[in-house]
Number of protein chains: 2
Amino acid sequence: MAVFLSTYVNKVDRKGRVSIPAQFRQSLAKSSLPGTIYLWPSLNHQALEGADQDYLDVLSDSLESPDLDADEREMIETFIFGKLVPVSLDNEGRIVLPRELAEFANIGEEASFIGRRKTFQLWEPNALKAHEAALRDQVVRKDISLSQIVAKAQRGAAGRAGEGA
Amino acid sequence: MAVFLSTYVNKVDRKGRVSIPAQFRQSLAKSSLPGTIYLWPSLNHQALEGADQDYLDVLSDSLESPDLDADEREMIETFIFGKLVPVSLDNEGRIVLPRELAEFANIGEEASFIGRRKTFQLWEPNALKAHEAALRDQVVRKDISLSQIVAKAQRGAAGRAGEGA
DNA sequence: TGGGTGTTTATGGGATAGCATGGGCCGGTA
DNA sequence: TACCGGCCCATGCTATCCCATAAACACCCA
């Protein structure tokens, strides 16, 4: 599955086209449908989410899981699959941002791509900055550090391994 | 996984290139992706963090852990993976410092590499000196010693082993 | 022990290819 | 006929590759 990293700010031209960052494209090349990405409005932010075919397959499979509540399933069916737009890359590696989606995320002349590993998000650049500033406040307030988080996750994993034995 | 030790100060040329210290490169040779390192802005300092592929894999796995809060996960996705830049070494063992990252850490004509075992940090040299001075103050004030720390960690390990039995 | 030699490292610059971006053309459609 | 979307071409910029140099270092041999 494609892996998306880093942040890129690209222009949206008069025709509504944006270049997909080259790094993202290289990653997409490994996907099972390299010339197409899927976009949908984020559930939690005024931004767009994007992913490749393989990610959607996984998502689709998890909908079959009996562990999901009916209303969780209903939400995903409606808001993800119901809003999903497949867009294809042109020869220059650009997509046309569907107007509806661009309006939802308030994207005008520029768009920020931010990688989130298996998916990426598309933001209006200033909105993204504001979002990041808010998050960074939390990092400071809670005094979070990376090594702390890794340690926490690994302690948890070790604990679960112990239970099993 | 690569191990990074010691401090090195190298020049940043007009194109934004820096030599990775030879010692770091030799360590990287054992990594699963020897020609590439990953850089991102530190969560806690005005500096950059760097690591190899293997460390990132561990980090990525930690994100799948159910022990993390949703907002911790969101922070890591945004601030680590969202900012993470893969940079590859050229034939001379140099990388180009991504401009936003150099600006974040206020790095100009010189950069200090400081090994932190599994990761390393990149600082503007004077900023690093100031940081070290501040830290050393704390060591004195809190009367910290190495043997103390080792003893403390070993007491803790013994305790946890006891629980398990 | 000291000089010499070869190698590795850090650094600089020029050439080249790739990328983001903009504009134009053509065919279909309302 | 006017518009819209899809395709191709043109441009400037940036990053990548390649080669050159100087200093530091290790090694060898007299």
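Convention: sequence-line order gives letters A, B, ...; per-chain numbering from 1.
Taking 4.0 Å as the cut-off between side-chain N and carboxylate O, B:Glu109 and B:Lys11 do not count as a salt-bridged pair. Salt-bridge annotation for A:Lys83 and A:Glu77: absent, with no side-chain N of the basic residue lying under 4.0 Å from a carboxylate O of the acidic one. Residues A:Asp137 and A:Arg141 are not paired through a salt bridge, judged by the lack of any N-O separation under 4.0 Å between the basic side chain and the carboxylate. A salt bridge is defined here as a Lys NZ or Arg NE, NH1 or NH2 lying under 4.0 Å from an Asp or Glu carboxylate O, and A:Lys142 with B:Glu72 fails to meet this definition.
In this structure, the nucleotide among C:dA20, C:dT9, C:dT11 sitting nearest to the side chain of A:Ser19 is C:dA20.
Whole-Å rounding puts the A:Gln23 CD to D:dA15 C1' distance at 11 Å. Here the C1' atom of nucleotide C:dA10 and the CD atom of B:Glu109 are 16 Å apart, to the nearest Å. Put simply, CZ on B:Arg25 is 9 Å from C1' on C:dT8, counting in whole angstrom units. Atom pair B:Arg14:CZ and C:dA10:P shows a separation of 21 Å (rounding to whole Å applied). Remark: P of D:dT16 and CG of B:Leu97 are 12 Å apart, rounded to the nearest angstrom. The nearest whole Å value for the distance from the CG atom in B:Asp13 to the P atom in D:dC18 is 18 Å. Summarising the geometry, the separation between CD on A:Gln26 and C1' on C:dA17 is reported as 13 Å, rounded to the nearest angstrom.
A donor N or O paired with an acceptor N or O is found under 3.5 Å between the base of D:dC19 and the side-chain atoms of B:Glu92.
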Write down the protein N/O and nucleotide N/O pairs, taken from nucleotides 3-7 of chain D, whose separation is under 3.5 Å; answer none if there are no such pairs.
| unit_1 | atom_1 | unit_2 | atom_2 | d |
| --- | --- | --- | --- | --- |
| D:dG6 | O6 | A:Lys15 | NZ | 3.2 |

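Residue contacts shown for B:Ile95 are absent, as no nucleic acid heavy atom lies under 4.0 Å away.
The backbone N or O of A:Lys129 lies less than 3.5 Å from no partner atom in the side chain of A:Asn126, so there is not a single donor-acceptor pair.
Screening B:Leu128, B:Leu48, B:Asn10 for a side chain to side chain contact (heavy atoms under 4.5 Å, CB included) with B:Phe113, the sole residue that qualifies is B:Asn10.
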